[in-house]
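For ligands, and for the atoms within them, numbers begin at 1 and follow the listed sequence.
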Amino acid sequence: MTTLRQALLDLGFDVVSFARVDGPTPAAHALRSWLANGMHASMDWIARNADKRADPRLVVAGANLLVSLGVNYAPPARPPTGPTWARYALYDDYHDTIKPALEAAGRALELHLGIAPSAHRFYVDTGPVLERDWAARAGLGFVGKNAMLISREHGNWMFLAAIIVRAPAERLDGLLAAPSSAAADGIGRYCGSCTRCLDACPTRALPAPGVVDARRCISFLTIENKGPIPEEFREAIGNRIYGCDICAEVCPWNRFSQASRSLLLNPRPEIARLTLDEILRLTPERFAEVYRRTPIKRIKLAGLLRNACVVAGNSGDASLVPTLEALTSHDSPLVREHAAWALTRLRRTESGPFTR
Ligand code: SF4
Ligand code: SF4
């Protein structure tokens, strides 16, 4: 009979492992300290369900197993010029494309463990579970100083999902006895003396190994943040129009990563082919058409134009001035203010080709 692990791998996941749940997550203390220091910025939902995040047994009563699953999303190559997008954004929204496989994984768990549908719940990056820390405990990798799960096989490029399970204790022994590749909970366990990610962060958003201050992080500022981007960070954003991968890209562990098999992902490389000028000229209709089914649609047109104005201001490209001038009359005050900032910055700096 196919093992449970193999059954889950056959659904298209790149890695699968299991961790025993016998108490709060190992990272519960760090989570509370991070929240207490306000490093979650405006992501208040993280604070609201912190208790559940800290203990999976508050999500599924009597939970004793956590299934950790990963999907490699390393794209083959990055376009050499133009605005830079977070790698994960160059696919259809992974929440949507991974969900059917997680539903199938639930059915496999029911079959193999003899449990009811009410005895398990899955999450992929949107629920009250610390996927990264459980993945480390399950042996899928270790948490680097860049606060990401680092896999020996896939480097930094993995979407993580978790299934919290209540199963008969006698069914767990075989699963949990399975060897793990690099079981380690400690932050930076296999980083050694490397500090490349801490040094490379342009906004100094990694104040300590494994700690991200979202208030300074370009990923937060350009995606989750609904308001203006604080001026002190705009220049450091450079040409990153949506998210930031710098602290992952510099990690030497990525030398082991392979291009994604994309079994549970749908690549959308055309997104990165839009020029900055085309993005700045997007209409609501065109925005909906280009970014449909992608994670980018969630920041809405005003959020993307806000980010594009920052990139334009940093570009040194005087040809963008007329487009930016038009945006100073945009319906959204957010866009108007960022367009005005970009114009001021462009007029202060020398004109030149967009090369960054
Ligand atoms: Fe810094 Fe970018 Fe990493 Fe955020 S994602 S911590 S801004 S390097
Ligand atoms: Fe660790 Fe270096 Fe990778 Fe940072 S860049 S996570 S310090 S190995």
Side-chain angles (χ1 to χ4, degrees), residues 27 30-31 34 37-43 46 70 72-75 78 83-90 94 125 131-133 135-136 140-160 181-225 227-257 295-296 299 303 306-307 310-311 314 356:
L31 171 67
W34 185 74
N37 284 308
M39 293 193 187
H40 58 301
S42 59
M43 295 183 286
I46 300 178
N72 169 13
Y73 68 88
R78 179 185 290 293
T84 300
W85 302 82
R87 293 177 182 225
Y88 85 86
L90 302 179
Y94 65 96
D125 206 24
E131 287 100 337
R132 179 201 68 180
D133 300 286
L140 293 188
F142 71 99
V143 179
K145 292 177 188 173
N146 62 4
M148 303 184 73
L149 184 87
I150 298 175
S151 150
R152 287 183 190 276
E153 296 169 87
H154 303 290
N156 288 245
W157 313 117
M158 275 216 291
F159 293 127
L160 295 174
S181 58
D185 298 333
I187 301 288
R189 178 73 62 97
Y190 297 108
C191 291
S193 59
C194 177
T195 57
R196 283 191 206 181
C197 53
L198 307 181
D199 301 337
C201 177
T203 53
R204 299 191 318 280
L206 293 164
V211 178
V212 178
D213 186 343
R215 296 167 296 191
R216 307 183 67 89
C217 176
I218 294 168
S219 286
F220 169 80
L221 294 171
T222 58
I223 301 176
E224 301 293 346
N225 169 35
I229 295 173
E231 286 201 28
E232 66 177 300
F233 301 122
R234 291 183 190 177
E235 191 174 338
I237 285 174
N239 69 345
R240 278 165 283 280
I241 193 164
Y242 183 94
C244 171
D245 285 330
I246 292 174
C247 57
E249 283 171 342
V250 299
C251 181
W253 281 96
N254 290 326
R255 67 185 181 273
F256 299 119
S257 70
I296 300 156
I299 68 168
R306 172 198 64 186
N307 298 349
V310 172
V311 173
N314 292 332
R356 286 194 292 173

Mind checking salt bridge (Lys or Arg N to Asp or Glu O under 4.0 Å) for R234 and listing every partner two or more places apart, or none if nothing turns up?
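If we apply the salt bridge (Lys or Arg N to Asp or Glu O under 4.0 Å) test to R234, skipping adjacent residues, the hits are E337.
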For P252 and ligand 2, answer yes if some heavy atom of the residue is under 4.0 Å from a ligand atom, otherwise no.
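Heavy atoms of P252 do come under 4.0 Å of ligand 2.
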Check whether any heavy atom of N156 sits under 4.0 Å from an atom of ligand 2.
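Heavy atoms of N156 never come under 4.0 Å of ligand 2.
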Distance filter under 4.0 Å to I150 heavy atoms, resulting ligand 2 atoms
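It comes down to these atoms of ligand 2: 6 (S).
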Pull out every atom of ligand 2 sitting under 4.0 Å from any heavy atom of N146, numbered as shown with elements.
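So the answer, numbered in order with elements, is 6 (S).
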Return the residue, atom name and 0.1 Å-rounded distance of the protein heavy atom closest to [atom].
atom	value
atom 1 (Fe) of ligand 2	C191 SG, 2.2 Å
atom 2 (Fe) of ligand 2	C194 SG, 2.2 Å
atom 3 (Fe) of ligand 2	C251 SG, 2.4 Å
atom 8 (S) of ligand 2	W253 CD1, 3.6 Å

So, applying side-chain contact (heavy atoms from CB on, under 4.5 Å) with L149, which one of H154, E131, M158 is it?
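When H154, E131, M158 are each tested with L149, the side-chain contact (heavy atoms from CB on, under 4.5 Å) holds only for M158.
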If every non-hydrogen atom of [X] is compared with every non-hydrogen atom of [Y], which pair is closest and at what distance?
X	Y	result
I237	T222	CD1-CG2, 4.2 Å
N146	N156	ND2-OD1, 2.7 Å
C244	A86	N-CB, 4.2 Å
G144	C191	CA-SG, 3.9 Å
K145	T195	NZ-CG2, 4.2 Å

Flag side-chain contact, heavy atom, 4.5 Å: R132 against M148:
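No. Closest side-chain heavy atoms not under 4.5 Å.
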Using the ring of each side chain (for Trp, its six-membered ring), is F159 parallel, tilted or perpendicular to Y94, with breaks at 30° and 60°?
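Plane angle under 30°, so parallel.
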Parallel, tilted or perpendicular for Y88 and Y242, by the 30°/60° rule?
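If you compare the ring of Y88 with that of Y242, the planes turn out tilted.
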Count, excluding waters, the protein N, O or S atoms that are closer to atom 2 (Fe) of ligand 1 than 2.8 Å.
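Protein heteroatoms (N, O, S) closer than 2.8 Å to atom 2 (Fe) of ligand 1 number 1.
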Per-atom contacts of ligand 1 with L206, taking only distances under 4.0 Å to non-hydrogen atoms:
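Counting atoms of ligand 1 from 1, those under 4.0 Å from L206 are 6 (S).
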Is C197 close enough that one of its N/O/S atoms sits under 2.8 Å from atom 4 (Fe) of ligand 2?
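Coordinating: yes.
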Would F220 and V212 count as a side chain to side chain contact (heavy atoms under 4.5 Å, CB included) if you check the C-alpha gap in whole Å, the side-chain angles of each, and the deciding distance to 0.1 Å?
CA-CA 10 Å; F220 169 80; V212 178; over 6 Å; no
